[in-house]
Amino acid sequence: MKKVKIHDKTFQLFIPYEKIRASIELMAEKMNKDLADKNPLFICVLNGSFMFAAELFKRIDLINSEISFVKLASYAGEHTTGNVKQLIGLNEKIEGRTVVVLEDIVDSGITIDNIQDQLKKLKPKEVSVATLLLKPDALIKEVELDYVGLEIPNDFIVGYGLDYDGYGRNLIDIYSVVNE
Ligand code: IMP
Ligand code: MG
């Protein structure tokens, strides 16, 4: 079994790239049907989603589609709460658009819930959410997910864009933590 050590933890091969790619191909096929004539704006949530977004977007065959990249940043200034994070980097006009948020993983659901709230304030026509990975047992928010690549157990994972304290994003396969 392939293993990698990152910081203090050991990870073992969990989802090979071929399986990740196949799930993204299926998702793209569905989107190509669902979003035809909708002039969609895909929004990739950095950093974790960059590989997923690249793999997916090159399989979107609708020429009238755009992609933009955002980050969640903690509020600067005196009202920092630690939890409330602001979407930065969005320059496109959202009003009246069909928006598709691209997330790497939905865990508790707090992040995606927060992103949806912020986007809805910008009056889009519709917002859908696509996540490569979902940990159903970790969900504490009720979130509506329109596209889910793969459901996984509640274990910490790295690879394919996802990190453990900065490292591991470059792994082409997904690895899960080995509890020692
Ligand atoms: P949520 O707000 O709890 O749903 O967490 C979502 C964010 O936490 C994701 O966008 C990831 O950046 C990060 N995250 C959640 N689970 C993992 C994991 O297993 N490995 C790496 N990052 C994770
Ligand atoms: Mg993320």
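As the structure lists them, so they are numbered: ligands from 1, and atoms in each ligand from 1. Count residues from 1 along the sequence. Just so it is clear, the values below take in all heavy atoms, side chains as well, and ignore hydrogens, waters and symmetry mates.
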### Task
Flag the pair Ile152 / Ile15 as yes when at least one side-chain heavy-atom distance between them is below 4.5 Å, and no otherwise.
yes
### Query
Near Glu103, which atoms of ligand 1 are under 4.0 Å from a heavy atom of that residue?
10 (O)
### Query
Who gets closest to atom 22 (N) of ligand 1 by heavy atom: Ile174, Asn154, Leu162, Asp165?
Leu162
Ignoring hydrogens and angles, write down the donor-acceptor pairs under 3.5 Å from the side chains of residues 137-149, residues two or more places apart or on other chains.
{"unit_1": "Asp146", "atom_1": "OD1", "unit_2": "Val129", "atom_2": "N", "d": "2.9"}
{"unit_1": "Tyr147", "atom_1": "OH", "unit_2": "Asp34", "atom_2": "OD2", "d": "2.6"}

### Task
Can you sort out which atoms of ligand 1 are near Asp163, meaning under 4.0 Å from one of its heavy atoms?
21 (C)
### Query
Contact between Gly109 and ligand 1, counting heavy atoms under 4.0 Å?
yes
### Message
Does this structure show an ion pair linking Glu25 with Arg59, if we count only N-O contacts that are shorter than 4.0 Å?
### Response
yes
### Query
Linking I/L/V/M/F/W/Y whenever their side-chain heavy atoms sit closer than 4.5 Å, directly or via other members, would Ile20 and Phe57 fall into one cluster?
yes
### Task
Consider only side-chain heavy atoms of I, L, V, M, F, W and Y, link residues closer than 4.5 Å, and tell whether Leu133 and Leu13 are in one cluster.
no
### Task
Please list, chain by chain and in numerical order, all residues satisfying salt bridge (Lys or Arg N to Asp or Glu O under 4.0 Å) with Glu92, sequence neighbours excluded.
none
### Query
Taking only heavy atoms of Ser108, which atoms of ligand 1 are found under 4.0 Å from at least one of them?
1 (P), 2 (O), 3 (O), 4 (O)
### Identity of the nearest option to atom 17 (C) of ligand 1, non-hydrogen atoms only, from Arg169, Lys141, Lys85, Lys135
Lys135
### Task
Examine Val158 against ligand 1 and note whether any of their N/O atoms are separated by less than 3.5 Å.
no
